[in-house]
Amino acid sequence: MRHEGKVAIVTGAARGLGLACAQRLHAEGAKVLLHDVKEDVVREAARGLGERASWIVSDLNEVSSKMAKDIIDRATSDFGSVDILISNAGIIHLSDFVDFPEEDFDRVQQVNLKAPFLLGQAAARQMIRQGRGGRS
């Protein structure tokens, strides 16, 4: 199996593309931490995968360096390492440009830009500690 022995984190993994990524990684042998803001849905998605899957809930609209580290730490606590990060979570807000609220702009940037940045940093730090690099 292509990802045998690897540990993956997938954000936005409760449904849609994120769930499909988690399912594929799991089918290819990876242990997978599913992340989402919807607790009941992500919990059921992880249970549907069975063994080698766990889940964590947090709102990336409130992302911080500590939250990113907590997500990475959960994967290492559950599975011993981190090898793959898929920052799939994302949001959109539709509005005419001149009427687009600043709060909505900030939220989109938080989830779609800042969260992947902070998660990537935290994952890279863990990968450096592991001494195996960040790709296979």
Side-chain angles (χ1 to χ4, degrees):
M1 288 199 235
R2 182 176 180 198
H3 297 296
E4 187 76 33
K6 302 287 184 179
V7 176
I9 300 169
V10 182
T11 66
R15 59 187 176 181
L17 183 59
L19 178 56
C21 289
Q23 290 169 331
R24 179 65 180 262
L25 288 161
H26 190 268
E28 293 182 355
K31 299 171 187 170
V32 184
L33 176 66
L34 289 77
H35 169 274
D36 207 276
V37 69
K38 299 175 193 274
E39 182 173 356
D40 55 336
V41 183
V42 74
R43 179 181 57 239
E44 288 306 310
R47 284 184 182 159
L49 291 178
E51 234 177 278
R52 301 186 338 266
S54 65
W55 55 276
I56 188 169
V57 172
S58 61
D59 185 350
L60 295 181
N61 185 48
E62 300 170 7
V63 73
S64 64
S65 294
K66 182 186 179 322
M67 179 192 291
K69 183 180 181 315
D70 289 347
I71 293 168
I72 302 306
D73 287 350
R74 175 64 180 273
T76 58
S77 172
D78 288 358
F79 303 122
S81 65
V82 173
D83 303 292
I84 301 165
L85 172 65
I86 298 181
S87 290
N88 169 73
I91 61 170
I92 61 169
H93 287 283
L94 299 177
S95 181
D96 290 334
F97 175 75
V98 296
D99 298 321
F100 200 94
E102 183 178 351
E103 299 80 27
D104 289 347
F105 176 83
D106 290 342
R107 182 179 161 139
V108 169
Q109 295 306 306
Q110 186 86 349
V111 174
N112 296 356
L113 185 62
K114 188 174 182 181
F117 172 77
L118 292 175
L119 283 164
Q121 276 189 324
R125 287 182 183 116
Q126 176 61 35
M127 291 175 187
I128 290 167
R129 279 191 295 277
Q130 292 167 189
R132 297 191 311 259
R135 63 183 178 89
S136 59

Same apolar cluster: Ile86 and Leu60, side chain cutoff 4.5 Å:
no

Going only through I, L, V, M, F, W and Y residues with side-chain contacts under 4.5 Å, is there a path from Ile56 to Leu85?
yes

Applying salt bridge (Lys or Arg N to Asp or Glu O under 4.0 Å), which residue pairs with at least one partner in residues 117-126 are found, sequence neighbours left out?
none

Do Leu118 and Val37 belong together in a cluster built from hydrophobic side chains that touch within less than 4.5 Å?
no

Interatomic distance, Arg2 atom CZ to Glu28 atom CD [nearest 0.5 angstrom]:
5.5 Å

Quick one: pull up CD in Glu44 and CG in Leu19 and give me the separation to the nearest 0.5 Å.
12.0 Å

Looking at every non-hydrogen atom in both residues, tell me the closest pair between Phe79 and Ser54 and how far apart they are.
CE1-OG, 3.4 Å

Verdict with reasoning, Arg132 to Asp83, per side chain to side chain contact (heavy atoms under 4.5 Å, CB included):
CA-CA 9 Å; Arg132 297 191 311 259; Asp83 303 292; 2.5 Å; yes

Derivation of the side chain to side chain contact (heavy atoms under 4.5 Å, CB included) call for Gln23 and His26
CA-CA 5 Å; Gln23 290 169 331; His26 190 268; 5.7 Å; no

Given the rule that I, L, V, M, F, W and Y join up when any side-chain heavy atoms are under 4.5 Å apart, are Val63 and Val42 in one cluster?
no

Under 3.5 Å donor-acceptor pairs involving side-chain atoms of residues 87-107, not counting sequence neighbours:
residue	atom	partner	partner atom	Å
Asn88	ND2	Thr11	O	3.3
Asn88	ND2	Gly12	O	3.1

What distance separates Lys114 NZ from Ser65 OG, expressed to the nearest 0.5 Å?
7.0 Å

Can you tell me how far apart CG (Leu49) and CZ (Arg47) are? Round to the nearest 0.5 Å.
12.5 Å

Does any part of the side chain of Val111, heavy atoms only, come nearer than 4.5 Å to the side chain of Asn61, both counted from C-beta?
yes

How long is the straight-line distance from OG of Ser81 back to NZ of Lys31, given to the nearest 0.5 Å?
7.0 Å

Please table the atom pairs, donor to acceptor, closer than 3.5 Å between any side-chain atom in residues 67-77 and protein atoms at least two apart or in another chain.
residue	atom	partner	partner atom	Å
Lys69	NZ	Asp73	OD2	2.6
Asp70	OD1	Lys66	NZ	3.4
Asp70	OD2	Lys66	NZ	2.8
Arg74	NE	Asp78	OD1	3.3
Arg74	NE	Asp78	OD2	2.9
Arg74	NH1	Trp55	O	3.3
Arg74	NH2	Trp55	O	3.0
Thr76	OG1	Ile72	O	3.4
Thr76	OG1	Asp73	O	2.9

Is any side-chain heavy atom of Met127 less than 4.5 Å from a side-chain heavy atom of Val82?
yes

Cluster overlap Leu119 with Ile9, hydrophobic side-chain contacts below 4.5 Å
yes

Around Arg24, counting heavy atoms of other residues, nucleotides and ligands shown, do more than 12 lie under 6.0 Å from its CZ?
no

Which heavy atom of Ala46 sits nearest a heavy atom of Leu34, and at what distance?
N-CD2, 4.0 Å

